[in-house]
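Positions are given from 1 along the sequence. Values in this document were obtained by computation on a predicted structure and should not be read as measured data.
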Amino acid sequence: MTIAPDASPSTIHADLYVPVDFGADAALALGVSQVLIAENLVDETFVKEQTDLPLLVRTDNERFLRASDLESGGADDQLFVLDAATGKLAEAPKATLRLGCDPLLDGKATVELADGRKIEVRTVFAKLRELLDRDYTPEKAGKLCGTAPSVIRDLA
């Protein structure tokens, strides 16, 4: 596969040539990501264990939900996921990639903060899916990167 703005001599050896405008490869990658998520082509086990996508983000300030948000004296470095089995908050481990639960990738919940306010939290994955579906469908990404939507889908 060759992803490049121009067809170079090495392009003839590629099974797929993906033309992309100079400096627009990020838009291409986001378009591919949109297809991968929309068509459920994501390796969920890997994503849950190796990325921050299951972590929870507050919708009021767009920051990670922390223990210090939930209780007075809580740790600033303790983040949370939603346990898929219970739908409840679970601490994200700090010393290992083993999560100790099956985190929900695409979810939201309402939590009560230490000051008594209730806010919505969403997973990073849910926020990413929303952004990609809104701004980086193959048609929209194609306009940004100069790659045909059908080629973006084939690449994904």
Distance-only check: which donor-acceptor pairs under 3.5 Å involve side-chain atoms of residues 149-156, not counting sequence neighbours?
unit_1	atom_1	unit_2	atom_2	d
Arg153	NH1	Glu139	OE2	3.1
Arg153	NH2	Glu139	OE1	3.3
Arg153	NH2	Glu139	OE2	2.8

Return a table of donor-acceptor pairs under 3.5 angstrom between the side chains of residues 100-110 and protein atoms on other chains or two or more places apart.
unit_1	atom_1	unit_2	atom_2	d
Asp102	OD1	Lys48	NZ	2.6
Asp106	OD2	Arg129	NE	2.7
Asp106	OD2	Arg129	NH2	3.4

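In this structure, the side chain to side chain contact (heavy atoms under 4.5 Å, CB included) partners of Glu130, at least two apart in sequence or on a different chain, are Arg122, Arg134. In terms of the side-chain hydrogen bond (donor to acceptor under 3.5 Å, both in side chains) criterion, Thr2 has no residue partners (sequence neighbours excluded). Annotation: side chain to side chain contact (heavy atoms under 4.5 Å, CB included) contacts of Gln50 (sequence neighbours excluded): Phe46, Leu97. Contacts of Lys127 classified as side-chain hydrogen bond (donor to acceptor under 3.5 Å, both in side chains), with partners at least two apart in sequence or in another chain: Glu62. A search for side chain to side chain contact (heavy atoms under 4.5 Å, CB included) contacts involving Asp135 returns Leu131, not counting sequence neighbours. The side-chain hydrogen bond (donor to acceptor under 3.5 Å, both in side chains) search around Thr45 returns none, not counting sequence neighbours. Under the side-chain hydrogen bond (donor to acceptor under 3.5 Å, both in side chains) criterion, Arg66 pairs with no residue, sequence neighbours left out.
Within the structure, every pair that satisfies the side-chain hydrogen bond (donor to acceptor under 3.5 Å, both in side chains) test and touches residues 81-97, not counting sequence neighbours, is listed here: Asp77-Lys94. Within the structure, salt bridge (charged side-chain N to carboxylate O under 4.0 Å, His left out) contacts touching residues 21-34 (residues at least two apart or in different chains) do not occur. Applying the side-chain hydrogen bond (donor to acceptor under 3.5 Å, both in side chains) rule to pairs touching residues 29-44 yields Gln34-Asp133, sequence neighbours excluded.
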